[in-house]
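I have placed the structure first, in the form of structure tokens, so that the comments after it can refer back to it.
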Amino acid sequence: MSTIFDLSGKGKNKYYADAKAVKIDDIPQACLRGRLNLPEVNETEVVRHYTGLSHLNFGVDTGMYPLGSCTMKHNPKLNERIAAMPGFAGLHPAADEGLSQGALRVMHELSGYLCAITGMDAFTLQPAAGAHGELTAVMMIKKYFEDTGEKRGTILIPDSAHGTNPASVAICGFEIKSVPSSPDGDVDIDALRGLITPDVAAMMLTSPSTLGLFDRRILEIASLLHKNGSLFYCDGANLNAVMGKARVADMGFDLMHINLHKTFSTPHGGGGPGSGPVGVTERLSKYLPVPTVEKEGNEYRLVSDRPKSIGRVHSFYGNFQVALKAWTYITVLGPDGIRDVSEKAVLNANYLKEKLRTRYNLPIDRTCMHEFVLNDRNVPNGITTNDIAKRLLDYGFHAPTVYFPLIIEGAMMIEPTETESLSSLDGFVDAMFAILDEAETEPELVKSAPCSLKFRRVDAVTAARKPVLKWEP
Amino acid sequence: MSTIFDLSGKGKNKYYADAKAVKIDDIPQACLRGRLNLPEVNETEVVRHYTGLSHLNFGVDTGMYPLGSCTMKHNPKLNERIAAMPGFAGLHPAADEGLSQGALRVMHELSGYLCAITGMDAFTLQPAAGAHGELTAVMMIKKYFEDTGEKRGTILIPDSAHGTNPASVAICGFEIKSVPSSPDGDVDIDALRGLITPDVAAMMLTSPSTLGLFDRRILEIASLLHKNGSLFYCDGANLNAVMGKARVADMGFDLMHINLHKTFSTPHGGGGPGSGPVGVTERLSKYLPVPTVEKEGNEYRLVSDRPKSIGRVHSFYGNFQVALKAWTYITVLGPDGIRDVSEKAVLNANYLKEKLRTRYNLPIDRTCMHEFVLNDRNVPNGITTNDIAKRLLDYGFHAPTVYFPLIIEGAMMIEPTETESLSSLDGFVDAMFAILDEAETEPELVKSAPCSLKFRRVDAVTAARKPVLKWEP
Amino acid sequence: MSYIPLTDEDARKMLAAVGKSTVDELFSDIPGQIRLSERLSLPEPLSQLQTERRANQLASLNASGQVFAGGGVYDHYVPAAVDYLSSRSEFLTAYTPYQPEVSQGTLTAIFEFQTMMCSLTSMDVSNASMYDGATALAESALMARAHTGKSRFAVSGTLNINYRHVLETYASAAGLELVFTHCEDGITSPADIEDIIDSNTAAIIVQNPNFFGSIEDLSALSASAKKHGVLMITVVAEAVSLGILKGPGECGADIVCGEAQSFGNYPAFGGPLLGFVAATKEFTRKMPGRLVGRTSDADGRESYVLTLQTREQHIRREHATSNICSNEGHLALRAVMYLSMAGPGLAETAALNHNLAVYLKESLIKAGLVEVFKAPFFNEFVLRTEDSSSFIRRLSEKGYVPGIELRDFEGLENCVLFCATEKLTKEDIDRFVHEAGRVTGRVK
Amino acid sequence: MSYIPLTDEDARKMLAAVGKSTVDELFSDIPGQIRLSERLSLPEPLSQLQTERRANQLASLNASGQVFAGGGVYDHYVPAAVDYLSSRSEFLTAYTPYQPEVSQGTLTAIFEFQTMMCSLTSMDVSNASMYDGATALAESALMARAHTGKSRFAVSGTLNINYRHVLETYASAAGLELVFTHCEDGITSPADIEDIIDSNTAAIIVQNPNFFGSIEDLSALSASAKKHGVLMITVVAEAVSLGILKGPGECGADIVCGEAQSFGNYPAFGGPLLGFVAATKEFTRKMPGRLVGRTSDADGRESYVLTLQTREQHIRREHATSNICSNEGHLALRAVMYLSMAGPGLAETAALNHNLAVYLKESLIKAGLVEVFKAPFFNEFVLRTEDSSSFIRRLSEKGYVPGIELRDFEGLENCVLFCATEKLTKEDIDRFVHEAGRVTGRVK
Ligand SMILES: Cc1ncc(COP(=O)(O)O)c(C=O)c1O
Ligand SMILES: Cc1ncc(COP(=O)(O)O)c(C=O)c1O
């Protein structure tokens, strides 16, 4: 595929703005640009080029996308239509409060829905993604202890945690102590006991965990932390497993984030936009970022006068359009529909697990939640998780999340979501078994996969060794 | 690819209407349906299924589509956006005239633009496609002679004409006489002279012709017909060649149709909607279908009280949305842009012709207009036009129109349009030459093409022998 | 703005390659005296932004209020998935699927469309679409003539008025004889129809639900047709009605034709629309338009292709079954997507339409309008106003598309044809009826 | 409505296959006392149609008039091709391109984005996007600290007020020290900046065009930074300005960050936005976020891949250069489509913005508002009203988004920040100014 730059030719582009006179005499010449180096292409070519690029991509609409921890579920088209309504897409954030009542109401209602689902008391929609939510939450934890006058410098994170957890904590200057998992996948509670010291500000736990397991001692962990005066933070990336079945606040968590772009069906866009609302219990709500959306009588207001707030974490009010899509999703599903989502997500995962474990190694053998982890132990002829992942692409499936969580060697983390049909699950099982057969009979084929796509295996090593990060003529 | 029916499963579908109680007691039971046999699938599956089907299709956005006589040019995205505006897409045809002024104005303006481009005096936008336009025009021809009290029962059609011409004429009960073409592609004027009798109501001529040629004796033909009291009809499917260069009315035509879905950039949709406006000179305008759109003062009105009209030919006012897209296209291009379209369409075609004739047989060697015709004479090893067409698909190009016009054996009718870049034209030449090389060295490959697509050659013979025209369980 | 990707340099090179020194030389076959020297008299070009601004201004002059009119075009809800999927340019920017190897998307969808239309109409074969309901009827009549060799048609007077006009236009060009029944009580009388049938009659034509919204007794009419050995052509203009009404084939129709715009397509000021023709298997080789058939490719993979093309104009020219070439493929695609989304839920939607229409009728009667016909109806019905022009005008002033004045029917002076679809709520109806009541004087 | 394609029968079979008799058994790891027995307290579900109706009602409560406000989000024209192409679901419904073999579409587009952003900012390296302009600045400051080992920043007081607040939030969490200059005349004084720089200073931070719309003398400020051996971070919040203004790199910036929403993305009530960070090559391995690099596949075909991932959280965890994971990829895709459509015409658009803003400013002054700053500006400027609250309120009542009240700046009481983009015509401006004149009393 050529880049757009390769198509450039002088004079091909006819721009669409009403520009006639470009003369500018009231800006100093020294500030003005000489040449504007952008490709010159025609709409005709722009359309062909990006249509062609789209054909090199794989999305949820293309096929099953069992990327563990990412909840790649169906993205309803209604979400997109509503988000594109001019009254929402065209709304300027500086519009008078009186002229943004519709938008503010959506934000207020969505926050309420998230409270209902999680049991938290308040939400901010400002964080633009999960990691941003984590960072916002850690800022609040820091602020909380500053406010209570306690000096606590440590945050506990299980070894199965997503990389964003330690990275978010590090920005705020906390020391990180890693909590080991026990062989059954739950937190090693004895080790945890040993790590809990007066310096522990909080523990971050992904619940259900990145192994796809619900920690059976969750209440005990919460109580250990609370007795120590520590806060308990839930990375809610895996909320899709428990909606309507158990509430995060009831598990003992004090604050959490949610990934709307996972659980609430907003498309991931090939790398965002996401949205990572942070929810807190009552006592932490005063630390939430400003502005918050409050309802006063029948009016919705943006409130910035909150002295204990950590401050603002986004240029405006977060990824409003993403929130609007989540609002649409919840509106369409209602309470039973939302519970059904989690029930079927868990059912789909367990079904897949039971089928696949008959021939693949299942490192931790428990009823899983919305996802589960296999690995490449016992796969013959040196075929690795990466090989299997690449070969799945040939079979028309996206690969699972691979080599994560780090505590399982050669991990394949498989999350089907509730929006896969039985025949699509069975198709995946067939492909996984066919690959196992090929590993036996045609290992070279698997090692050189993908073979049937427009691209063969892409060399990441060379890219990193001699980085070429932009096009040059 | 499975059909949507193969995905059906009881209860998968949850419909979106606000339907609760379906009880109906005021319609006799005998009129009510028992089982409603439609597939039960989920939105998830609908989206995957049709996304998957789209990947089996080739459109102008996919690549060059040199389908002669079809003018497969770029379909600007602005056309689509404007056609989808709620004020247009949502407008009911029964809306009060006062509440459809915007739509009526678009129709009136577009008719005016078409008059300016063709020199005709009036247009109807009612015909829904080119063939419908032809039929409408032949109805008007018939009415004209009824009105003048002349009995004329014959219409002349050149042997190079599109099949819709004789088919349209046949519906109206005229006898068809075929006019031969001379070896240089123009109408055989001597033969024509012989065919002109008092019974000749009209002659239909495609101008430029389906050979991509402009008839050099066009004025002579017109004068022969007019002297005979016959009307001269232009099939304007090839208008893309002459806009701003010559006007159809000036060529001596009395009436014509235009294909908005060719010349004016509206997408063909895989088989329509089209739009086939019919234009006439002043003396024929009273026969135009009702209603017409008239401007009175600053108001636009639908006028049905036209006693000489042939009547209505469409449920409402024709394919308004298609007309709106054409209006958008002309608005964006303006007079110079429209002329440039024809100039570059003709330049592109001649460039391609000159390149390809170096190795392919060019049955008629003249400067062409927007398209030209090659054939498979001299292609080695029995490789046919059809083989070449199929092999082009492998190279990422759509095939030309094949085996038409009928007067050139093994015809390949190639129309690049003005929206192809030089590099795309050169790419096409390369592919055509590569196929010629393959015809020499690997004829079996070409004969079995396409080889690299999701489908191999599709068997049309069996389909026609034992027709299966719907899915059955 | 221009959609031409050639640079000036490209154009120069290409001109040289074809051995010309000016572009005008390429046009030298056009006689000099008609070669245009002046510029076309078109408005100067606008940028995309300016064009959009202008289009927006014009769009804002059109009705934006709620629609209480039907009459052949219906304002149904279109699910977002239909808009999105059908707009994918592999579908939208393709031509008629002449090269099946790169058109399986379109072909499969049309095959599905044919199947669904057969199922809904209870027919054996459906084509890939016609221009609209009116021309679908005209083509059906031509097909009936070709089949029977007879040219007279007994047509119910309850036929959509525009369809009637189009049928008359075709009839006068093609030499069909049309005889219409009266329809005093808004419903077709089998006796009236039988009165018209003679030995040169090809078929009876009846619309259901008819133009007035009423549900005809198709079985009785079919019995009349059968008694005289003529065909029955049934017209369906509101396809959503098929969600609850029997497929006309079950009632004895030989040909079912009409309009399926209701399935996933917008009103669009009346076009494009989605005509269809379906028939019993005797008509297979006489059908107008495209047909898609199942077959397989060289590797034996199930695939689809345009078939029975020897019926068509590009092969048979003046002997073709019809002159149609481009049809309404994209609307058929949208219909099949709509029906896939709807599934059996189409019945619920249809029922909802009906129930809302019943509510609308009752409410308008309470507001002072007068019932005209008593027959059961689907989602349209006729009521009498005091002065239909002023009724329409005053509700139009409120932005509504308030219904259709019945101008051309004797005895229906001042009558208005109303419609309700699932896009309206009871509250919407109440508001409309309130305004109607102000016109009648019931509401002050 | 439900997006679950399992039938009841499927669910039964699957439950049997996993050896459970009820779905609840699947949740038995959740302690009994916290297992939810009641239904979630959410509103009952609406159909798609009802949901759309409700959304439409809410949307209609929002401003629909013209926008004369900027301040970090700009109401530019978005070509239809951008909407269509970016909505193709292969782009929209993909995750971050972890599997490059099925993600070359996204990867190539990001590579193009990086290239265009480098070209526009005159930098060597650009990342694949950040959350928004404000966090892009905060991350740039963290990068500057990591690079220099110093934590103090000399920040111009002309920085966008929201960016300032976000930077303060991050600073207090991450231990950065921020010192702001005053900005009496709406422009950054190099002397003021130099006054603040000390030996622990990592960088100066200056926005251009600044929050008040004025064009800063970046070269002079860069000279000040260089003199003291500190970095210059330049913030660009209105990316269209880069169409006519020099890339900050040409003026000596080391890091350029900010907001590119203006390129093909909608205001969307302020989110999602399109943050970006670009820098000179020294920073390549310290950049936050995704980077796409060129490489080849096993057949030697040019291809693209996420690269230098050892900077990132999923590899380096607490030692990563940033915690960012999901960013704003889809907005970057739209930006690259927009810039491809615009090409060098971006300069014309930028010039048009400027000229319209000049016209707006002059007109508003004639209508009675008072000039505050004299510095040259791009498409925003500040004027003083008599009473800014009532000014904003009264024009909002007309449906306008009339500008931004400057509440938090000493000396700028009753001042309003105005903006004009190419979406406005002179006639639009005249109408707005007319209304403004009614507020000032100049128009009766
Ligand atoms: C468990 C977990 N936590 C956090 C994140 C980070 O979320 P985001 O990419 O929205 O920043 C992810 C995303 O993959 C995740 O899986
Ligand atoms: C020369 C010519 N005439 C008429 C037609 C018929 O046009 P339509 O398909 O719009 O009915 C065509 C279409 O291919 C054509 O090429």
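In what follows, chains carry the letters A, B, and so on, assigned in the order in which the sequence lines appear, proteins first and then strands, with residues in each chain numbered from 1. Note: hydrogens, waters and symmetry copies are ignored here, and every other heavy atom, side chains too, is used.
- In terms of heavy-atom pairs under 4.5 angstrom with chain C, the leader among B:Gln101, B:Glu354, B:Met85, B:Lys142 is B:Met85.
- Interface remark: B:Arg105 contributes side-chain atoms only to the contact with chain C (heavy atom separation under 4.5 Å).
- Between chain C and the options B:Lys454, B:Arg339, B:Lys73, heavy-atom pairs under 4.5 Å are most frequent for B:Lys454.
- Heavy atoms closer than 4.5 Å to chain C are found in the side chain of B:Glu80, but not in its backbone.
- Contact annotation for B:Leu32: both backbone and side-chain heavy atoms come within less than 4.5 Å of a heavy atom of chain C.
- With no hydrogens or angles considered, a side-chain donor-acceptor pair links B:His314 and C:Asp132 at under 3.5 Å.
- The parts of B:Lys245 that come within reach of chain C are both its backbone and its side chain, each placing non-hydrogen atoms under 4.5 angstrom from that chain.
- Heavy atoms closer than 4.5 Å to chain B are found in the backbone of C:Ser172, but not in its side chain.
- Both the backbone and the side chain of B:Leu422 come within less than 4.5 Å of a heavy atom of chain C.
- Both the backbone and the side chain of C:Ile34 have a heavy atom closer than 4.5 Å to some heavy atom of chain B.
- Between C:Ile4 atom CD1 and B:Ser421 atom OG the span is 12.5 Å, to the nearest 0.5 Å.
- Residue B:Pro450 touches chain C through its side chain alone, counting heavy-atom pairs closer than 4.5 Å.
- Using a 4.5 Å cut-off between heavy atoms, C:Arg294 touches chain B through backbone and side chain atoms alike.
- Using a 4.0 Å cut-off between a side-chain N of Lys or Arg and a carboxylate O of Asp or Glu, C:Arg393 and B:Asp96 do not qualify as a salt bridge.
- Ranking C:Val23, C:Val305, C:Leu26, C:Val401 against chain B, the residue ahead of the rest is C:Leu26, based on heavy-atom pairs under 4.5 Å.
- Both cation-pi conditions hold for C:Arg301 and B:Phe455: the charged atom is under 6.0 angstrom from the six-membered ring centre and inside a 45 degree cone around its axis.
- With a 4.5 angstrom heavy-atom cutoff, B:Ile218 touches chain C only via side-chain atoms.
- The contact between C:Val358 and chain B is made entirely by side chain atoms (from C-beta outward), counting heavy-atom distances below 4.5 Å.
- When B:Thr328, B:Val138, B:Leu78, B:Ile82 are compared by the number of non-hydrogen pairs under 4.5 Å with chain C, B:Leu78 comes out ahead.
- Heavy atoms of C:Leu346 lying under 4.5 Å from chain B belong to its backbone as well as its side chain.
- B:Asp459 touches chain C through backbone and side chain together, each having a heavy atom under 4.5 Å away.
- Every residue two or more places apart in sequence or in another chain that forms a salt bridge (Lys or Arg N to Asp or Glu O under 4.0 Å) with B:Arg81 is listed here: C:Glu52, D:Asp83.
- Of the listed residues B:Ala246, B:Ala170, B:Ala95, B:Ser54, the one with more heavy-atom pairs under 4.5 angstrom with chain C than any other is B:Ser54.
- Side-chain contact check for B:Tyr50 and C:Ser340: at least one donor-acceptor pair (N or O, by modelled atom type) lies under 3.5 Å.
- Neither the backbone nor the side chain of B:Leu324 has a heavy atom closer than 4.5 Å to any heavy atom of chain C.
- Heavy atoms of C:Ile392 lying under 4.5 Å from chain B belong exclusively to its side chain.
- For C:Ser64, no part lies near chain B; criterion is any non-hydrogen pair under 4.5 Å.
- Of the two parts of C:Thr307, only the side chain, counted from C-beta on, holds a non-hydrogen atom closer than 4.5 Å to a non-hydrogen atom of chain B.
- The CD atom of C:Gln313 lies 5.5 Å from the NE2 atom of B:His162; values are rounded to the nearest 0.5 Å.
- Within the 4.5 angstrom heavy-atom criterion, atoms from both the backbone and the side chain of B:Leu347 approach chain C.
- When heavy atoms are compared at a cutoff of 4.5 Å, C:Leu6 approaches chain B solely by way of its side chain, counted from C-beta outward.
- Both the backbone and the side chain of B:Ile4 come within less than 4.5 Å of a heavy atom of chain C.
- Contact of B:Tyr65 with chain C is made through the side chain alone, with heavy-atom distances under 4.5 Å.
- Looking at C:Asn160, there are no atoms closer than 4.5 Å to chain B (heavy atoms on both sides), in backbone or side chain.
- Proximity to chain C (any heavy atom under 4.5 Å) is shown, for B:Lys12, by neither the backbone nor the side chain.
- Both the backbone and the side chain of C:Thr106 come within less than 4.5 Å of a heavy atom of chain B.
- Under the 4.5 Å side-chain criterion, counting only non-hydrogen atoms from C-beta, B:Phe58 is not in contact with C:Glu101.
- Heavy atoms of C:Gln309 lying under 4.5 Å from chain B are absent altogether.
- Taking C:Glu112 as the reference, nothing meets the salt bridge (Lys or Arg N to Asp or Glu O under 4.0 Å) condition, with sequence neighbours excluded.
- Only the side chain of C:Tyr163 comes within contact range of chain B, with heavy atoms under 4.5 Å apart.
- B:Leu333 touches chain C through backbone and side chain together, each having a heavy atom under 4.5 Å away.
- When side chains are defined from C-beta on, B:Val106 does not count as touching C:Phe269, because their heavy atoms never get closer than 4.5 Å.
- Only the side chain of C:Leu85 has a heavy atom closer than 4.5 Å to any heavy atom of chain B.
- Note: C:Leu245 leads C:Val18, C:Leu245, C:Asp10 in heavy-atom pairs under 4.5 Å with chain B.
- With chain C as the partner, the residue from B:Val458, B:Leu36, B:Leu38 showing the most heavy-atom pairs under 4.5 Å is B:Val458.
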